[in-house]
Amino acid sequence: MWNGVKRLSALAAILLLTIVVSACNKGDASGKVQIEFFQNKPEAKGSFDKLIAQFNQEHPGIEVTQVNPPEAETVLLTRVVKNDVPDIVGLGATDTYSILAQSGIFTDLANTELPRTVDPIYLKMLKDVTGVDPVYGIPYAANANGVMYNKTLFKEMGLQVPKTWDELIATAQKIKAAGKIPFYFTYKDDWQTNLPFNALGPNLVGIDFFLQRRENQVTFQDKYREVAEKQLELLKYGHNDNFGKNYADGNRAFANGQGLMYIQGSWAISEIRKANPKVELGFFPFPTGNDAKAVKLVSGIDTLLAVSESTPHKKEAEEFIAFLLKPENSKQYITEQTLFSAVKGVTQDDPSVAELLPYFKSGRVIDFADHYIPKAVQLNSIVQAFLQNGDIDAYLAKLDREWNKVANRR
């Protein structure tokens with residue numbers, strides 16, 4: 001744990017002082033129990049609406065209502081400070097979740113049946129992220145970070161899917177020599193710049209680095225030089241406006257053949273298909289090193305489900321989560337969202353991600369690096385600035401400096 005049990009920000013300390021258990025009973029004139037489901041993914045609203053409608057029909061004594069505001073994490077933190085915590089919260093395994101979990105906002109669900117339905121690897125991810133043992137969230141869906149490729153263009157050039165770092169760079173060189181774009185970068189959006197970082201760091205250095213960094217046992221300057229060097233190496237194989245194109249630009253461009261590879265997350269698949277439904281996509285794990293068997297797929301918890309400690313309707317909230325975790329409902333959700341289920345035995349059948357499935361089946365997955373980095377470090381802007389100036393020493397020193405600032409406030 002980070003300084004023992006002190007992995008709390010100033011905000012978290014405030015939250016601890018403001019939480020009181022509410023005794024008010026939510027209901028309406030019809031006598032139905034009213035449950036608020038607050039979740040942070042606008043693209044998932046339609047999928048959850050369908051499932052909520054089905055649940056409400058099957059449970060006439062309960063009415064679940066979805067809330068999905070812009071800037072959802074900021075809104076959630078504001079509501080928590082005001083002691084207005086939603087009954088059920090859906091969000092990713094981010095630093096925001098970690099702070100709230102450590103602050104006593106959510107109910108410990110370890111002794112319910114809910115954790116037993118999910119893959120233990122994702123429960124371990126939550127424990128590692130928060131540094132605490134209680135199960136404050138139930139993993140629901142996972143995403144993946146890797147390299148998408150245009151199967152049609154790969155076939156035209158006679159290219160094979162690279163399995164190692166050297167093969168990846170050799171493939172990029174062949175594409176560049178042919179006058180085509182190897183990687184379509186979208187670095188106008190700073191969050192896009194950390195996608196290679198999220199793959200390189202966990203694979204080359206390991207997730208344990210972040211657990212040790214919390215205890216000040218290691219530094220970025222000591223361990224992350226190879227990561228930084230490879231981040232810069234990739235830039236040689238982009239296009240002529242790497243920092244002028246954003247995520248939406250990249251999805252459209254890649255969908256229409258302006259780039260053979262796209263370092264991206266599985267969340268982009270549906271957006272790419274909107275731009276070109278006929279595009280033939282493939283997706284392989286980012287080959288970060290030269291031992292193909294050692295490469296792990298970066299996969300993190302896209303949505304977890306947590307119950308407010310202050311809700312008077314824990315039983316009904318847990319009932320709704322159990323409904324979402326039913327295999328058929330989980331399958332419906334991941335099919336519509338092109339995600340991966342955290343529920344045991346539920347698989348993703350979309351052909352675009354077929355090459356990723358063996359990694360899930362064998363447990364060769366590792367979490368996103370940025371899930372372990374406090375939001376206050378402002379990783380995205382640091383990475384973006386580094387890729388523009390190329391100063392490795394300054395980059396790694398700043399990561400350590402900003403981390404230390406945050407650690408001293410926790």
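When reading the values below, keep in mind they use all heavy atoms of this one structure, side chains included, and skip hydrogens, waters and symmetry mates.
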J.: Checking Asp190 now: which residues fulfil side-chain contact (heavy atoms from CB on, under 4.5 Å) with it, not counting sequence neighbours?
T.: Asn380, Ser381, Gln384
J.: May I ask you to decide if Lys296's main-chain N or O and Asn203's side chain share a donor-acceptor pair within less than 3.5 Å?
T.: yes
J.: Does the side chain of Asp400 pick up a donor-acceptor pair with the side chain of Gln221 at under 3.5 Å?
T.: yes
J.: Give a yes or no on whether the backbone of Met125 and the side-chain of Asp128 come within a donor-acceptor separation of less than 3.5 Å.
T.: no
J.: Name the atoms and distances for all side-chain donor-acceptor pairs under 3.5 Å in residues 170-183, with sequence neighbours left out.
T.:
unit_1, atom_1, unit_2, atom_2, d
Thr171, OG1, Glu167, O, 2.8
Gln173, NE2, Tyr237, OH, 3.2
Lys176, NZ, Lys236, O, 2.9

J.: State, with a plain yes or no, whether a side-chain heavy atom of Val365 is found less than 4.5 Å away from one of Ile121.
T.: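 Counting from C-beta outward, Val365 and Ile121 do come under 4.5 Å.
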J.: Starting from the C-alpha separation in whole Å, work towards a yes-or-no answer on salt bridge (Lys or Arg N to Asp or Glu O under 4.0 Å) for Lys230 and Glu233.
T.: CA-CA 5 Å; Lys230 288 182 173 179; Glu233 178 72 12; over 6 Å; no
J.: Say whether Thr186 and Gln192, considering side chains only, have a donor N or O and an acceptor N or O under 3.5 Å apart.
T.: yes
J.: Is the shortest distance from a Lys or Arg side-chain nitrogen in Lys151 or Glu156 to a carboxylate oxygen in the other one below 4.0 Å?
T.: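 Judged by the 4.0 Å cut-off on N to carboxylate O distance, Lys151 and Glu156 do not form a salt bridge.
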J.: Will you find, in the side chains of Glu355 and Tyr149, an N or O donor that is under 3.5 Å from an N or O acceptor?
T.: yes
J.: Any chance CG of Asn389 has more than 12 other-residue heavy atoms, nucleotides or ligands included, within less than 6.0 Å?
T.: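 Yes - once you tally the heavy atoms of other residues, nucleotides and ligands closer than 6.0 Å, there are more than 12.
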J.: Can you see whether Ser98 engages Gln102 through a side-chain donor-acceptor pair at a distance of less than 3.5 angstrom?
T.: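 Judged by distance alone, the side chains do pair up.
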J.: Salt-bridge test for Lys375 and Asp95: reply yes if a basic N is under 4.0 Å from a carboxylate O, no otherwise.
T.: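 Result for this pair is no, no salt bridge flagged.
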J.: Is any side-chain heavy atom of Leu100 closer than 4.5 Å to a side-chain heavy atom of Leu76?
T.: yes
J.: In this structure, are over 12 heavy atoms from other groups packed under 6.0 Å from Lys124 atom NZ?
T.: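 No, NZ of Lys124 has 12 or fewer neighbouring heavy atoms, counting only those of other groups under 6.0 Å.
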J.: Is there a ring pair (Phe, Tyr, Trp, His ring centres under 6.0 Å) between Tyr359 and Phe340 once you walk through the steps?
T.: CA-CA 12 Å; Tyr359 291 81; Phe340 304 90; over 10 Å; no
J.: Above 12 or not: heavy atoms from other molecules or residues under 6.0 Å from CD of Gln57?
T.: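 Atom CD in Gln57 is not packed in, count stays at 12 or less.
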J.: Pairing donors with acceptors under 3.5 angstrom, does anything connect the side chains of Asn290 and Asp166?
T.: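 The criterion, which ignores hydrogens and geometry beyond distance, is satisfied for Asp166 and Asn290.
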J.: Mind checking the CG-CZ spacing from Leu379 to Phe386? Nearest 0.5 Å is all I need.
T.: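 Answer for the CG-CZ pair, Leu379 versus Phe386, is 12.0 Å.
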J.: Is the Phe209 ring parallel, tilted or perpendicular to the Phe220 ring (thresholds 30°, 60°)?
T.: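 Rings of Phe209 and Phe220: perpendicular, over 60°.
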J.: Which value, rounded to the nearest 0.5 Å, describes the distance between His371 atom NE2 and Leu126 atom CG?
T.: 10.0 Å
J.: Does Glu328 have more than 12 heavy atoms from other residues, nucleotides or ligands lying within 6.0 Å of its CD?
T.: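 Yes - once you tally the heavy atoms of other residues, nucleotides and ligands closer than 6.0 Å, there are more than 12.
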J.: Any chance the rings of Tyr262 and Phe185 have centres within less than 6.0 Å?
T.: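 No, ring centres 6.0 Å or more apart.
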J.: If the condition is salt bridge (Lys or Arg N to Asp or Glu O under 4.0 Å), which residues does Glu318 pass it with, not counting sequence neighbours?
T.: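 Testing Glu318 for salt bridge (Lys or Arg N to Asp or Glu O under 4.0 Å), a comparison that skips the adjacent residues, returns none.
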J.: Say whether, by atom type as modelled, one donor and one acceptor occur between the side chain of Ser103 and the main chain of Ile105 under 3.5 angstrom.
T.: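 Not confirmed, Ser103 side chain does not pair with Ile105 backbone.
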J.: Check this for me, if you would: do Asp393 and Arg225 make a salt bridge, where the nitrogen-to-carboxylate-oxygen distance has to be below 4.0 angstrom?
T.: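 Yes.
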J.: Can a donor-acceptor pair be found, under 3.5 Å and without considering hydrogens, that links the side chain of Lys45 to the backbone of Asn40?
T.: no
J.: Quick one: do the Tyr395 and Gln231 side chains pair a donor with an acceptor below 3.5 Å?
T.: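 Checked: Tyr395/Gln231 side chains pair up, N/O donor to acceptor below 3.5 Å.
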J.: Test of understanding: with side-chain contact (heavy atoms from CB on, under 4.5 Å), list the residues that count as partners of Arg401, not counting sequence neighbours.
T.: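 So Arg401 forms a side-chain contact (heavy atoms from CB on, under 4.5 Å) with Ala397, Lys398, Lys405.
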J.: Atom CG of Leu297 and atom CG of Asn145: how far apart are they, to the nearest 0.5 Å?
T.: 8.0 Å
J.: Decide yes or no on side-chain hydrogen bond (donor to acceptor under 3.5 Å, both in side chains) for Thr65 and Glu36, but give the supporting numbers first.
T.: CA-CA 5 Å; Thr65 302; Glu36 180 186 5; over 6 Å; no
J.: Testing the 3.5 Å rule here: is there a donor-acceptor pair between the side chains of Asn251 and Arg273?
T.: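 Not at all, the side chains of Asn251 and Arg273 share no donor-acceptor pair under 3.5 Å.
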J.: Looking only at atom types and distance, does a side-chain atom of Gln348 sit under 3.5 Å from a main-chain N or O of Ile334, one as donor and one as acceptor?
T.: yes
J.: Around atom NZ of Lys188, are there more than 12 heavy atoms of other residues, nucleotides or ligands at under 6.0 Å?
T.: no
J.: Once salt bridge (Lys or Arg N to Asp or Glu O under 4.0 Å) is applied, do any residues pair with Lys155, and if so which ones, sequence neighbours excluded?
T.: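 Salt bridge (Lys or Arg N to Asp or Glu O under 4.0 Å) list for Lys155, sorted by chain: Glu280.
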J.: Identify, with sequence neighbours excluded, every residue that meets salt bridge (Lys or Arg N to Asp or Glu O under 4.0 Å) alongside Asp119.
T.: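 By the salt bridge (Lys or Arg N to Asp or Glu O under 4.0 Å) rule, Asp119 matches no residue at all.
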J.: Has the side chain of Asp189 got a donor or acceptor atom that lies under 3.5 Å from a matching backbone atom of Trp191?
T.: no
J.: Using the side-chain contact (heavy atoms from CB on, under 4.5 Å) criterion, which residues pair with Ala322? Sequence neighbours excluded.
T.: Leu114
J.: Kindly compute the distance separating CG (Asp241) from OH (Tyr187), expressed to the nearest 0.5 Å.
T.: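 Here the rounded value is 13.5 Å.
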J.: Under the salt bridge (Lys or Arg N to Asp or Glu O under 4.0 Å) rule, what pairs show up with a residue in residues 251-263, not counting sequence neighbours?
T.: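 Those involving residues 251-263 are Asp249-Arg252.
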J.: Hey, could you give me each pair passing ring pair (Phe, Tyr, Trp, His ring centres under 6.0 Å) that has a residue in residues 35-71? Not counting sequence neighbours.
T.: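 Qualifying pairs, neighbours excluded: Phe37-Phe48, Phe37-Phe320, Phe48-Tyr333, Phe55-His59, Phe55-Phe320, Phe55-Phe323.
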J.: With a 3.5 Å cut-off and no angle check, do the side chains of Glu402 and Gln378 form a donor-acceptor pair?
T.: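 No pair is found: no donor N or O on one side chain lies under 3.5 Å from an acceptor on the other.
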J.: State whether the side chain of Asp87 and the backbone N or O of Ser308 hold a donor-acceptor pair below 3.5 Å, judged by distance alone.
T.: no
J.: With sequence neighbours left out, what residues match Arg364 under salt bridge (Lys or Arg N to Asp or Glu O under 4.0 Å)?
T.: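 Listed in chain order: nothing, the list is empty.
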J.: Could you list the donor-acceptor pairs under 3.5 angstrom formed between side-chain atoms of residues 133-144 and any protein atom two or more places apart in sequence or on another chain?
T.:
unit_1, atom_1, unit_2, atom_2, d
Asp133, OD1, Lys127, NZ, 3.0
Tyr140, OH, Leu324, O, 3.1
Asn143, OD1, Gly300, N, 3.4
Asn143, ND2, Asp302, OD1, 2.8

J.: We want to know whether Asn198 and Asp370 form a side-chain donor-acceptor pair, criterion being a heavy-atom distance below 3.5 angstrom.
T.: yes
J.: Compare every heavy atom of Leu204 with every heavy atom of Val227, then report the nearest pair and how far apart it is.
T.: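 Where Val227 meets Leu204 most closely, the heavy atoms are CG2-CD1, 4.1 Å.
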J.: Applying side-chain contact (heavy atoms from CB on, under 4.5 Å), name anything that partners Asp349, two or more places apart in sequence or on another chain.
T.: Lys331, Thr347
J.: Distance check, rounded to the nearest 0.5 Å: Glu316 atom CD versus Ile62 atom CD1?
T.: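 So the gap between those two atoms works out to 5.0 Å.
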